Amino acid sequence: MTGKDATSISRIGEKSGSEAAVRGWLYNRRSSGKIQFLIVRDGTGYLQTVVAKSEVSPETWAEAERATQECSLVVSGRVREEPRAPGGWEMTVTDVRILGPSENYPITPKEHGVDFLMSQRHLWMRSSQQHAVLRVRSEVSQAIRDFFYEREYTLIDSPILTGSSVEGTSTLFETDYFGEKAYLSQSGQLYLEPAAAAFGKVYCFGPTFRAEKSKTRRHLTEFWMIEPEVAFLEFDGLCDLAEEFVTYLIARTLDRSAEDLARLERDTSKLEAVERPFPRITYREGIERLAAKGFPIQFGEDLGADEETALTEGNSRPLIVSRFPTAIKSFYMQPDPEDPDVVLGLDMLAPEGYGEIIGGSQRIHDLELLERRLAEHKLPREAYEWYLDVRRYGTFPHSGFGMGLERFVTWMCGTHHLREAIPYPRTLKRIYP
RNA sequence: UCCUCAGUAGCUCAAUGGCAGAGCAUCCGGCUGUUAACCGGAGGGUUGUAGGUUCAAGUCCUACCUGAGGAGCCA
């Protein structure tokens, strides 16, 4: 089409005082008779352009008047500093060319309901706040990879199609695999444990599927999970790793996503307040605190949403809760040698009511104990022979955790709902678009 | 699976059981510094579906459908 030499709006300042062209979509147009303001966005930023009737040809003026919300266009002119313009730069237009028209764009500059917006998700991501959230997500994903790369972890992609469940409790999406049953992965952990024996420090980062009929703003049926697994790492070290990981990601987000967080009107002082060490309590301490607050939880009962909220109330840092009763946790978690009724598992609960973002544990490395647990949980042993091999051939203590990307991004952005933190959310009631 | 709430114009929402309304969007007109611009005008309706009560139902009753929020479960 046109605009071969178009300038990226993020770099428009480099063109100050000279001619330039920007190529993108019309974000909004305001007209005042003989002057029009075309706000152009190109994915990297927004630029206010000014068309003055007295300074352009009648054809150019008419073309600008034809520009409608979200039409694609090329605008050329002279770039200059302009304090009245959002962003500080403005273009005095000499030429406008509409590339693709846009009739009756559904998302108007006005309030809309979430249901409507989600049905227009493919268009909604053009809106400034949604755009900002997804850019933060992109930065967080990059920071996750950098964190592990800098620490000499090996990326091990775990399979999405699997033959058995990790924990046997959550509901799995079933699919047909050439006449046999297969399931969409709900965790890469089991596949990472053997990899830890091969590479030492490993992680996976990919989509995860849960067929749970959860209907809350903290659940998706398809979400992205980051799971490190580390050989010879024991429980206290795991807690340290989780802390270091989260503080690293926050620092990177504050540094590289400042503009997007500002657009989201995120109170970044809340994120700046997150420093190490994080408070750590055990489950037993937790139920004591809850008893004092009027929640009569007995040992062996799981902590519900109200209990989690009560425990994190007033915290500016995430809370690590550890050492849960064995009976309510997964089969592979290592018992605490000093308190055999509990396992060396942890949940990290984010402040500001964002809830659980990380769940992890030290894994059982003793073959006989693991075999016993499989039996207790009534899991089909044949499906786990390969997993037991990790304990048969040079067993070793090891630990790992899983972090939900969308939950972390939602926290960073201060967003209300998880579904805005993923480009195309999959929820109980939505698989379109 | 359970509990709560909602469904009226393209969108966001009004309407005591008594004429179906407004803002935004769209179209037309006006305006040379707008910031979700503003001002004037126009078009736009099977009130989620089916049944019931009533002289009269968007409104009350019953069932169903769809969605949202929460619980449980989890990251």
Side-chain angles (χ1 to χ4, degrees), chain A residues 27-39 46 48-56 61 65 68-70 82-87 90 92 102-120 123-124 127-129 166-167 169-172 186-189 205 207-227 242 301-309 328-330 345-350 354-360 401-411 416-419 421-422 427-430 432:
Chain A
Y27 192 67
N28 198 6
R29 180 165 70 92
R30 289 183 285 271
S31 108
S32 183
K34 296 192 176 68
I35 186 167
Q36 299 180 58
F37 297 89
L38 307 184
I39 316 295
Y46 301 81
Q48 175 162 291
T49 69
V50 195
V51 190
K53 195 171 189 177
S54 58
E55 293 173 28
V56 296
W61 178 258
E65 283 197 311
T68 54
Q69 189 186 2
E70 289 301 325
E82 172 54 71
R84 286 173 292 186
E90 191 173 76
T92 304
S102 169
E103 305 284 336
N104 292 316
Y105 188 71
I107 302 176
T108 60
K110 180 73 180 165
E111 288 170 25
H112 297 281
V114 173
D115 185 41
F116 169 76
L117 289 169
M118 273 301 164
S119 72
Q120 306 290 333
L123 301 176
W124 192 24
S127 301
S128 64
Q129 295 214 339
V166 170
E167 300 170 33
T169 52
S170 301
T171 322
L172 299 169
Q186 61 171 342
S187 168
Q189 180 202 323
F205 183 17
T208 304
F209 307 88
R210 302 275 166 94
E212 296 154 357
K213 300 210 168 173
S214 301
K215 271 179 66 87
T216 83
R217 60 170 189 263
R218 300 197 324 281
H219 290 88
L220 297 167
T221 54
E222 176 181 314
F223 65 97
W224 281 60
M225 188 154 67
I226 168 76
E227 294 174 277
E301 290 181 281
D302 217 341
L303 304 180
D306 291 346
E307 287 79 27
E308 284 188 4
T309 306
I328 57 170
K329 285 293 173 179
S330 303
L346 73 92
D347 282 351
M348 186 187 288
L349 308 176
Y354 282 96
E356 184 175 346
I357 52 169
I358 283 179
F401 64 74
M403 186 182 85
L405 176 66
E406 291 77 14
R407 287 191 178 176
F408 184 82
V409 171
T410 301
W411 173 33
H416 178 66
H417 203 300
L418 216 60
R419 66 191 154 197
I422 187 168
T427 65
L428 191 56
K429 294 291 180 186
R430 188 171 294 284
Y432 175 94

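To find a chain, count down the sequence lines: A is the first, B the second, and so on, and within it residues start at 1. All values reported here derive from a predicted model rather than from experimental measurement.
Side chains of A:W61 and A:V51 form a contact here, defined as non-hydrogen atoms less than 4.5 Å apart. Looking at heavy atoms from C-beta onward, A:Y27 lies in side-chain contact with A:E70 at the 4.5 angstrom threshold. Counting heavy atoms from C-beta outward, A:H219 and A:R407 have side chains that approach closer than 4.5 Å. Side-chain contact between A:I107 and A:L117 is present, with heavy atoms from C-beta onward closer than 4.5 Å. Counting heavy atoms from C-beta outward, A:S187 and A:E227 have side chains that approach closer than 4.5 Å. A 4.5 Å side-chain heavy-atom check between A:Q48 and A:R30 finds at least one atom pair inside the cut-off. A:L349 has its side chain within reach of A:E356: a pair of non-hydrogen atoms, C-beta onward, lies under 4.5 Å apart. Inter-residue side-chain proximity for A:R419 and A:L220 is flagged as met; some heavy-atom pair is nearer than 4.5 Å.
Separating the CZ atom of A:R430 from the P atom of B:G69 is a distance of 10 Å, rounded to the nearest angstrom. Rounded to whole Å, the distance from CZ on A:F116 to P on B:G10 is 11 Å. With rounding to whole Å, A:H219 atom NE2 is found 10 Å from B:G70 atom P. Between the CG atom of A:D302 and the C1' atom of B:A71 there is a distance of 14 Å, given to the nearest Å. In this structure, the CZ atom of A:R30 is 19 Å from the C1' atom of B:G30, given to the nearest Å. Spacing between atom NE2 of A:H112 and atom P of B:G23 amounts to 17 Å, rounded to whole angstrom units. Here the C1' atom of nucleotide B:A75 and the CZ atom of A:F401 are 12 Å apart, to the nearest Å. In this entry the distance linking CG of A:L38 with P of B:A36 reads 16 Å, nearest Å.
Across all strands shown, A:E227 has no heavy atoms under 4.0 Å from either base or sugar-phosphate atoms. Residue-level contact check: A:L418 touches the bases, meaning some heavy atom is under 4.0 Å from a base atom. Across all strands shown, A:Q48 has heavy atoms under 4.0 Å from base atoms, whether or not it also approaches the sugar-phosphate. Among the protein residues, A:K429 comes within range of the sugar-phosphate backbone only, with heavy atoms under 4.0 Å from sugar or phosphate atoms but none that close to a base. No engagement by A:P106 is indicated, since no non-hydrogen atom pair under 4.0 Å with the nucleic acid exists. Contacts of A:T208 with the nucleic acid, taken as non-hydrogen atoms under 4.0 Å apart, are absent. No engagement by A:H416 is indicated, since no non-hydrogen atom pair under 4.0 Å with the nucleic acid exists. Among the heavy atoms of the strands, none lies under 4.0 Å from A:I39. The residue A:R29 sits apart from the nucleic acid: no heavy atom pair falls under 4.0 Å. Here A:F37 lies in heavy-atom contact (under 4.0 Å) with a base. As judged by a 4.0 angstrom heavy-atom cut-off over every strand, A:D347 is placed among residues making no nucleic acid contact. Here A:T68 lies out of heavy-atom contact (under 4.0 Å) with every strand. Across all strands shown, A:G355 has no heavy atoms under 4.0 Å from either base or sugar-phosphate atoms.
With B:U32, B:A68, B:C73 as the candidates, the nucleotide lying closest to the side chain of A:K215 is B:A68. Ranking B:G69, B:G72, B:C31 by closeness to the A:T216 side chain, first place goes to B:G72. When distances run from any side-chain atom of A:S31 to the nucleotides B:C31, B:C73, B:C11, the shortest one goes to B:C31. Comparing B:U32, B:U1, B:A75 by their nearest atom to the side chain of A:R407 picks out B:A75. Of the listed nucleotides (B:C74, B:U26, B:G67), B:G67 has the atom at the smallest distance from the side chain of A:D115. Nearest nucleotide to the side chain of A:S54, out of B:C73, B:A25, B:U32: B:U32. Proximity note for A:K34 (side chain, C-beta onward) versus B:C73, B:C74, B:U32: the nearest is B:U32. Counting only heavy atoms from C-beta on, A:I35 has its side chain closest to B:U32 among B:C73, B:C24, B:U32.
The separation of B:A9 from B:C13, taken at their C1' atoms, amounts to 11 Å, rounded to a whole angstrom. Taking atom C1' in both B:A20 and B:A63, the straight-line distance is 27 Å, to the nearest Å. Comparing the same atom, C1', in B:U53 and in B:C60 gives a spacing of 8 Å after rounding to whole Å. Spacing of C1' atoms, B:G33 relative to B:A6, comes out at 43 Å, to the nearest Å. Of the C1' atoms belonging to B:A22 and B:U8, the separation is 13 Å, rounded to the nearest Å. B:C61 and B:U4 have their P atoms separated by 15 Å, with the value rounded to a whole Å. Here, B:C28 and B:U47 have their P atoms 30 Å apart, quoted to the whole Å. Using atom P as the reference point in both B:A14 and B:G7, the two lie 8 Å apart (nearest Å).
The base of B:C24 is not paired with the side chain of A:T108 by any donor and acceptor separated by under 3.5 Å.
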Watson-Crick or G-U pairs under 3.5 Å in RNA chain B, rendered as dot-bracket with [ ] for crossing pairs and | for another strand: (((((((..((((....[..)))).(((((.......))))).....(((((..]....))))))))))))....
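No donor-acceptor pair closer than 3.5 Å links the side chain of A:S214 to the backbone N or O of A:T216.
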May I have the step-by-step check of side chain to side chain contact (heavy atoms under 4.5 Å, CB included) for A:R430 and A:D115, ending in yes or no? CA-CA 10 Å; A:R430 188 171 294 284; A:D115 185 41; 2.6 Å; yes
Assess whether side chain to side chain contact (heavy atoms under 4.5 Å, CB included) is satisfied between A:Y105 and A:L123, documenting all intermediate values. CA-CA 9 Å; A:Y105 188 71; A:L123 301 176; 3.4 Å; yes
Could you walk me through whether A:R217 and A:L418 pass the side chain to side chain contact (heavy atoms under 4.5 Å, CB included) test, one step at a time? CA-CA 6 Å; A:R217 60 170 189 263; A:L418 216 60; 5.8 Å; no
Go through A:V50 and A:I35 one step at a time and tell me if the side chain to side chain contact (heavy atoms under 4.5 Å, CB included) criterion holds. CA-CA 7 Å; A:V50 195; A:I35 186 167; 3.7 Å; yes
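If A:Q69 and A:T92 are placed on RNA chain B by their nearest nucleotide, the residue sitting closer to the 5' end is A:Q69. Residue-to-nucleotide proximity on RNA chain B shows that, of A:E356 and A:R217, the 5′-proximal contact is made by A:R217.
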Is there any protein nitrogen or oxygen under 3.5 Å from a nitrogen or oxygen in nucleotides 40-47 of chain B, and what are the pairs?
none

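A close approach under 4.0 Å does occur between a side-chain nitrogen or oxygen of A:H417 and OP1 or OP2 of B:G69. Between B:U32 and A:R84, no contact under 4.0 Å exists linking OP1 or OP2 to a side-chain N or O.
Checking A:F209, A:F408, A:F205 one by one against A:W224, the ring-ring contact (aromatic ring centres under 6.0 Å, His included) holds for a single residue, A:F205.
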